[in-house]
Asker: 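Quick one: the structure is below, and I'll ask about it shortly.
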Protein chains: 4
Amino acid sequence: MTEKEKIVVKTSVKDESLIEIRRLQIINGAVNLFKEKGFHRATTREIAKAAGFSIGTLYEYIRTKEDVLYLVCDHIYDKVKQQLSMILSDTGTVKELKEAIKQYFYLIDRMIDEFTIMYQETKSLSKEAMHYIFDKELEMVRIFEGIIKNCLPSLENRLTDKEVFLAANHIVVQGQAWAFRKWALKKRYTIEEYVEDQTKLFLSGILNFHEK
Amino acid sequence: MTEKEKIVVKTSVKDESLIEIRRLQIINGAVNLFKEKGFHRATTREIAKAAGFSIGTLYEYIRTKEDVLYLVCDHIYDKVKQQLSMILSDTGTVKELKEAIKQYFYLIDRMIDEFTIMYQETKSLSKEAMHYIFDKELEMVRIFEGIIKNCLPSLENRLTDKEVFLAANHIVVQGQAWAFRKWALKKRYTIEEYVEDQTKLFLSGILNFHEK
Amino acid sequence: MTEKEKIVVKTSVKDESLIEIRRLQIINGAVNLFKEKGFHRATTREIAKAAGFSIGTLYEYIRTKEDVLYLVCDHIYDKVKQQLSMILSDTGTVKELKEAIKQYFYLIDRMIDEFTIMYQETKSLSKEAMHYIFDKELEMVRIFEGIIKNCLPSLENRLTDKEVFLAANHIVVQGQAWAFRKWALKKRYTIEEYVEDQTKLFLSGILNFHEK
Amino acid sequence: MTEKEKIVVKTSVKDESLIEIRRLQIINGAVNLFKEKGFHRATTREIAKAAGFSIGTLYEYIRTKEDVLYLVCDHIYDKVKQQLSMILSDTGTVKELKEAIKQYFYLIDRMIDEFTIMYQETKSLSKEAMHYIFDKELEMVRIFEGIIKNCLPSLENRLTDKEVFLAANHIVVQGQAWAFRKWALKKRYTIEEYVEDQTKLFLSGILNFHEK
DNA sequence: AATGAATGAGTGTTCATTCAT
DNA sequence: AATGAATGAACACTCATTCAT
């Protein structure tokens, strides 16, 4: 499972820890801005202002406007992966699967702006950056594939690899749906209820997949 | 079930049938263009060229660039609705539900460019146009809610309205997922296989929703 | 003696005669501007203003700022060649040579701004455009080579091809020198005197080249 | 014959010998850089880097970017003058004139990058600095005027002051031409051949100037 | 009804210069 | 004396929109 190298966003600043600080400022400012007006309508001047410094300084830490979008997307996946890795106990029980779904959905709810942005703007990235992000997405799918496979025995249930792949995709997509369709869902669901019903629907779905 | 009025895109041309013709030219040209470069990167000159006339003429049939996007989105939903209404036989059987899912998924597969565009660019519409499109989306959900409710009796199954709403959303989302995640799904699934497995997963899910 | 194709400066305007008019406006405006502040310090907005229209219109007739410089340089050579070809009578007399020198020097004096610009800014052109301009320069040299060779017999004088080449270069350079060193020369010379003395110096030089 | 004061380039550094060292670093770095991209396209950061220190340090030794250009031009003339003064023996023979021409042309050949730069970028200097450089140029002309006048008696030849001025200009210009027209001349001439033929052309020119 | 030349506000990006450390 | 992060005015260029023909 080879991981792609992080794409290097070039800087003219040398102090690594300063870069770290400034980039977080950029990411946070940009998320607020992009959420409000989208990537294309946000100007670099606005991004700089939202980050708390001048346009000149912004360009000391990025090379192009697109770099900002990449920084945001990359940051989201780092956070998702870190949070997900925290709950993996590797017990192979349904409980673990349920917990993973719950954590993933809650994470999306907490980072709903970031997810919405990533979700709608990925296509504005360069081919290279886009594939890097797609790879990260597939990693997410693979994490859930692993968890699902792990607990299949305890369910006395057989799913082919392909079916596991579909199931994992299901989770990832329905999670994202909470972000990009919140305008529709929140009319009738809180995140707690959404997690509960989606989990029930999903589990009864895979448990009885081969019954008829 | 109040339907919003179609938003009027102003024209300086009087001949209604000419408007119809020109707008279809615009939509078809724009879809190809937006698919390739996205709404923001496409220029009005390019849109005019893709439609087959001059920039001046384009502006005889729209008022702003955003109108083009609205025209495209609106057109897609009209087509979806029309196609879906063709298969509704109102028999209240699972067969009908299956058929509806199948038709909807196949339709998305056939109009994958249009769906991808709509899906990624909706947020670029004005508030007003966006809500109009959201309304159309909800109509879609409602259609599936209706079909699901209709065949529940024959399944000796009880789902609350809220659960039906979630189930209908599920279908709509997984259908769209075929468009916006095709890059991942097509590695292992054809549309036929996707329809089959998604249908199985969905049906076993709702059939056993309240078991445990 | 193959002539390079003119480099095409792309336009979005279709009306050829309009292009002609606008380009002359651009050239005239730019010459005044470049004379005053040089190519690099002149902004595209200033060029547009000097040409008499808006920045947007300027860019309908050029693609990059460098195109303006190329247009200017190209225009100068066209004019030089046209004027020089008018006096060529092909009689093979010293009179013709003297007349050619005179016309060339006077032409430079009349177009002194244009020559100064071309002379100082050529290096700012792209490789391609620069070589095109260099080629035009060599054409000039070749014209004078031809005239010199033509009248050598009547002078009962032998010069090798190489020496003729040097002599032709001499004329071209001393002509340009009137433009780029006018600040020094005009202190003691009028153009008429300059032509007279330069011609004398040159002719006595080549007439006695092989004496000692 | 008043010589202008050297223009003072302000420094915040006190140590005079350090200033000397740093300025030479700046000049050498800048010459390489300007040769490659011209004055305007070279950035101060690049100049600093080429000089071997940071942008901050560069600005300890200059006040504006233009100062760098002035430093380079000034340095060239200092070098030319120094080298030319080395060969002046004041014998009043044609041999001395020939030697001076030779040394001057060879010097240009050795410092061809510097001359090309000076020649093309002088116009980018401030009025003040430009006139200082022009003065240096006139000094060069005067040096050759002196040498020519000196050896006229031995040639039994009369030239007016004005004609001597033209002749001196001739030498200076044809020397520079080796730098700024090398692209054309080097196709047929080595520097040795160029010196030889130019000298012959020049001497036979002035020797027979008043014959007919 | 159709054209396309004209417009100019707005965009991403650069870079000379400053100044706190 | 040296550093390099910060600044923001300035630049080349784009593009949605208008309007005279």
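First the proteins, then the strands, lettered A, B, ... as listed; each starts at 1. Every value quoted in this text rests on a predicted model; they were computed, and no experiment measured them.
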Asker: With distance as the sole criterion, is a donor-acceptor pair present between the side chains of A:D67 and A:Y61 under 3.5 Å?
Answerer: no

Asker: To the nearest Å, give me how far apart CD1 (D:I21) and C1' (F:dA2) are.
Answerer: 15 Å

Asker: Whole Å only: how far is the CD1 atom of C:I47 from the C1' atom of F:dC11?
Answerer: 12 Å

Asker: When you match D:L18 and A:D15 each to their closest nucleotide on DNA chain F, which lands nearer the 5' end?
Answerer: D:L18

Asker: Pick one: which of D:I21, D:I27, D:N28 meets side-chain contact (heavy atoms from CB on, under 4.5 Å) with D:Q25?
Answerer: D:I21

Asker: Roughly how many Å is it from NZ in A:K49 to P in F:dG8, rounded to a whole number?
Answerer: 12 Å

Asker: Rounded to whole Å, please give me the gap between CG in D:L58 and P in F:dA1.
Answerer: 15 Å

Asker: Once you round it to whole Å, what is the distance between P of E:dA5 and CD of C:Q25?
Answerer: 15 Å

Asker: Taking pairing as Watson-Crick or G-U wobble with both contacts under 3.5 Å, can you name the mate of F:dC15, or confirm there isn't one?
Answerer: E:dG8

Asker: Please give, in whole Å, the distance from F:dA1 C1' to D:R22 CZ?
Answerer: 9 Å

Asker: I'd like to compare against my own output: the B/S/- annotation of nucleotides 14-20 of chain E with a strict under-4.0 Å heavy-atom distance to protein.
Answerer: BSBBB--

Asker: Please give, in whole Å, the distance from E:dG4 P to C:Y61 OH?
Answerer: 13 Å

Asker: Return each pair, listed once, that meets salt bridge (Lys or Arg N to Asp or Glu O under 4.0 Å) where at least one residue sits in residues 23-36 of chain D; pairs must be two or more places apart or across chains.
Answerer: D:K35-D:D113

Asker: Nearest 0.5 Å please: distance from the NZ atom of B:K49 over to the OG atom of B:S54.
Answerer: 13.0 Å

Asker: Centre of C:Y132's six-membered ring, under 6.0 Å away, within 45 degrees of the axis: is that where NZ or CZ of C:K127 sits?
Answerer: no

Asker: Who does E:dA20 pair with, Watson-Crick or G-U, both distances under 3.5 Å?
Answerer: F:dT3

Asker: Please confirm whether the backbone N or O of B:M118 pairs with a side-chain atom of B:T122, one donor and one acceptor, at under 3.5 Å?
Answerer: yes

Asker: For A:F39, is the NZ or CZ atom of A:K65 found under 6.0 angstrom from the centre of its six-membered ring and inside 45 degrees of the ring axis?
Answerer: yes

Asker: Take the protein atom CG of B:L33 and the nucleotide atom C1' of F:dA16, then report the distance between them rounded to whole Å.
Answerer: 15 Å

